[in-house]
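Heads up: the structure comes next, in structure tokens.
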2 protein chains.
Amino acid sequence: MRADARRNYDRIVEVAREVFREQGYDASLDEVAKRAGVGPGTLYRHFPKRENLLDAIMQSWVDKVTETTDKALTYEGSDRDLLIHWFEDYVGLISQHKGGPAKLTSAMGDPVSPIRTKCQVLSESNGRVLDELRAHGALRDGVDVIQVTRLVGGVATIADNSDLDPAAVRPMLEVVADGLLK
Amino acid sequence: MRADARRNYDRIVEVAREVFREQGYDASLDEVAKRAGVGPGTLYRHFPKRENLLDAIMQSWVDKVTETTDKALTYEGSDRDLLIHWFEDYVGLISQHKGGPAKLTSAMGDPVSPIRTKCQVLSESNGRVLDELRAHGALRDGVDVIQVTRLVGGVATIADNSDLDPAAVRPMLEVVADGLLK
DNA sequence: TGCTAAACGGAGACACTCTCCGTATTGTTC
DNA sequence: GAACAATACGGAGAGTGTCTCCGTTTAGCA
């Protein structure tokens, strides 16, 4: 990749992160291009679909996801609290910008989605937490990672859509946790 | 309302139901107007916001909702099965067209939403089922109707987004049910 | 320094939402 | 049944966003 291309690529991602945080996932891409000081052509060459840009933006917080998971696993307390805390962290992670939870969660099963890798990181993280609980013998039989990822993603999606604050989300996560634990 | 206005109103609703079912909630309204044989001005005069049109479309299935609830309440079987069956019915009801679950569920808390009345019918129905279970002493303490409505709405939303079939949705509803029941 | 492949960026085609206002229709009154 | 408000119609067009095409510019190599 040529130096100027690299420069523009990075600049677009940087600006897009800012704009998406401000205006949500539906923000105008021409606006992003303008703020980044490039033409729309340049933006669309680098990121043919909106999701490609989203994927690039998310690259940076993948590290944060695994880090958060590590932290969650060291939690000292009941299995139930561990799970609920993790769910809260998870919801926070995928709710970085408006529309994120829906995009991320609905891409979860799609093998050709541009943000597939991100989904894998997320369900892997979920899987690690569930494995831990399974090792404790705390989990009901037949609990499946993707199912849980979707369920919690669903909670995050409606929390995002309705601008719910964490206090309103918690009871829902408790229900999910209770439904998963023995 | 003048006769010609009434005629156009009805025709628009009829066509919109068809178009929304075909193309989902995001279908072009100008397309609806064209198919209904009216100008966009006429459509927007009757339905200033997309949601007003959605609301009119839904008017017809409100009856169906209460009817389905009645049926659910006569269910002969365990409380768990009753609840799960009802959830399945509920998901079916709000998934009539693409994007419906998200719209309906996120309008749930909003007191000024044009589809508020529909949301009320839905949460009322949910409330009736929950009351029944509460009367059986089957429900955990602190279970709140709106919370449950959102939770199941979340499941419906991601099922809608990911085109999940009922078989994939069921386990999630089971988890929710188990989290709600004693 | 010159050359070529790579990249740029903006004009503009296309789609959708929504409004304004001149025109047409309804239904009421005499 | 003719005239006249009041009501409703509908399409032109402004505003906004997506995305492409292609003439121009630039990087990087020889």
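Just so it is clear: chains get the letters A, B, ... in the order the sequence lines come, proteins before strands, and each one is counted from 1.
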Can you tell whether the side chains of [X] and [Y] come within less than 4.0 Å, N to carboxylate O?
X	Y	value
K34(B)	D30(B)	no
R17(B)	E22(B)	no
E124(B)	R128(B)	no
D110(A)	R116(A)	no

Original post:
So how far off straight is the helix from dT1(C)-dA30(D) to dC30(C)-dG1(D), going by the axes through five pairs at either end, to 10°?
Top reply: 10°
Within the pair [X] and [N], is there a side-chain N or O less than 4.0 Å away from OP1 or OP2?
X	N	value
S28(B)	dT17(C)	yes
T42(A)	dA7(C)	no
H46(A)	dC8(C)	yes
Y44(B)	dC18(C)	yes
N8(B)	dC9(D)	yes

Grab the [atom1]-[atom2] distance between [X] and [N] for me, whole Å please.
X	N	atom1	atom2	answer
L29(A)	dC19(D)	CG	P	7 Å
K34(A)	dC19(D)	NZ	C1'	16 Å
Q23(B)	dA15(C)	CD	P	13 Å
N52(A)	dT18(D)	CG	P	15 Å
Y25(B)	dT17(C)	OH	P	11 Å
R6(A)	dC8(C)	CZ	P	11 Å
L53(A)	dC19(D)	CG	P	12 Å
D30(B)	dG15(D)	CG	C1'	14 Å

Original post:
How about K182(B) and L139(B): do any of their side-chain heavy atoms sit closer than 4.5 Å?
Top reply: no
Subject >> Side chain of R45(A) - closest among dT17(C), dT20(D), dA7(C) >> reply: dA7(C)
**OP:** Determine yes or no for a side-chain-to-main-chain donor-acceptor pair under 3.5 angstrom, with D160(A) supplying the side chain and G99(A) the backbone.
**Re:** yes
Original post:
With distance as the sole test, does R80(B) use its side chain to make a donor-acceptor pair with the main-chain N or O of A177(B) at under 3.5 Å?
Top reply: no
Original post:
According to the interplanar angle, ranging from 0 to 90°, do the rings of F47(A) and Y9(A) count as parallel (below 30°), tilted (30 to 60°) or perpendicular (above 60°)?
Top reply: tilted
Identify all pairs in which a protein N or O lies below 3.5 Å from an N or O of nucleotides 25-27 of chain C, and state each distance.
| from | atom 1 | to | atom 2 | distance (Å) |
| --- | --- | --- | --- | --- |
| dT25(C) | O2 | R2(B) | NH1 | 3.0 |
| dT25(C) | O2 | R2(B) | NH2 | 3.2 |
| dT26(C) | O4' | R2(B) | NE | 3.4 |
| dG27(C) | OP1 | A3(B) | N | 3.1 |

Subject >> 5′-ward residue of the pair A27(B)/G39(A) relative to DNA chain C >> reply: G39(A)
Original post:
Going by atom types only, do Q59(B) and K118(B) share a side-chain donor-acceptor pair under 3.5 Å?
Top reply: yes
Original post:
Run the salt bridge (Lys or Arg N to Asp or Glu O under 4.0 Å) check on K64(B) and D89(B) step by step: do they pass?
Top reply: CA-CA 11 Å; K64(B) 211 161 154 193; D89(B) 285 347; over 6 Å; no
